[in-house]
Amino acid sequence: MHVYKPKRRRTLQWVAMGLRGIGSLYNIWPLLLIATAVLSPVGPYLLTDYTYERRGGGYRRMIDCNYLGLRGQVQRPAHGGSCPYVLITSHDKR
């Protein structure tokens, strides 16, 4: 007697295979995050230094902001007289 083996996959089998695949990616998400950060042209940069000018009353107006990220150091002009602590940008020469 021959045992029945279905030739086609059923819809729920495809769903189960997809969920198992997503579950296996869940185990390696830190490696995927690091690979994305290294390969992506856009990334986070942290404020390391800034230049400013003094105004009256002890007020400082920031002029240039220096940031450090995975792709190196970036210098950007300050927006509105202040520098954000984290900047998400590309590493282009400006």
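The figures here come from the full heavy-atom set of this structure, side chains too, leaving out hydrogens, waters and symmetry mates.
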Shortest non-hydrogen separation from Y50 to Y52 and the atoms involved: CE1-CD2, 3.7 Å
same_hphob_cluster(Y85, V74) at 4.5 Å side-chain heavy-atom cutoff: yes
Nearest-0.5 Å distance that lies between atom CG in N27 and atom CG in L32: 10.5 Å
Spacing of T36 atom OG1 and L31 atom CG [to the nearest 0.5 Å]: 10.5 Å
M17-L19 co-clustered via ILVMFWY side chain contacts under 4.5 Å: no
From CG (L25) to CZ (R20), nearest 0.5 Å: 14.0 Å
Straight-line distance of S82 OG to R61 CZ, nearest 0.5 Å: 10.0 Å
Member of V86, T89, N66 meeting the side chain to side chain contact (heavy atoms under 4.5 Å, CB included) criterion with Y45: T89
Validation row: M62, T51 side chains within 4.5 angstrom (heavy atoms): no
Gap separating the CD atom of Q73 from the CG atom of L68, nearest 0.5 angstrom: 6.5 Å
Non-hydrogen side-chain atoms of L47 and C65 separated by less than 4.5 Å: yes
Check: I88 and V42 side chains under 4.5 Å, non-hydrogen atoms: yes
Separation of Y67 OH from R76 CZ (nearest 0.5 Å): 9.0 Å
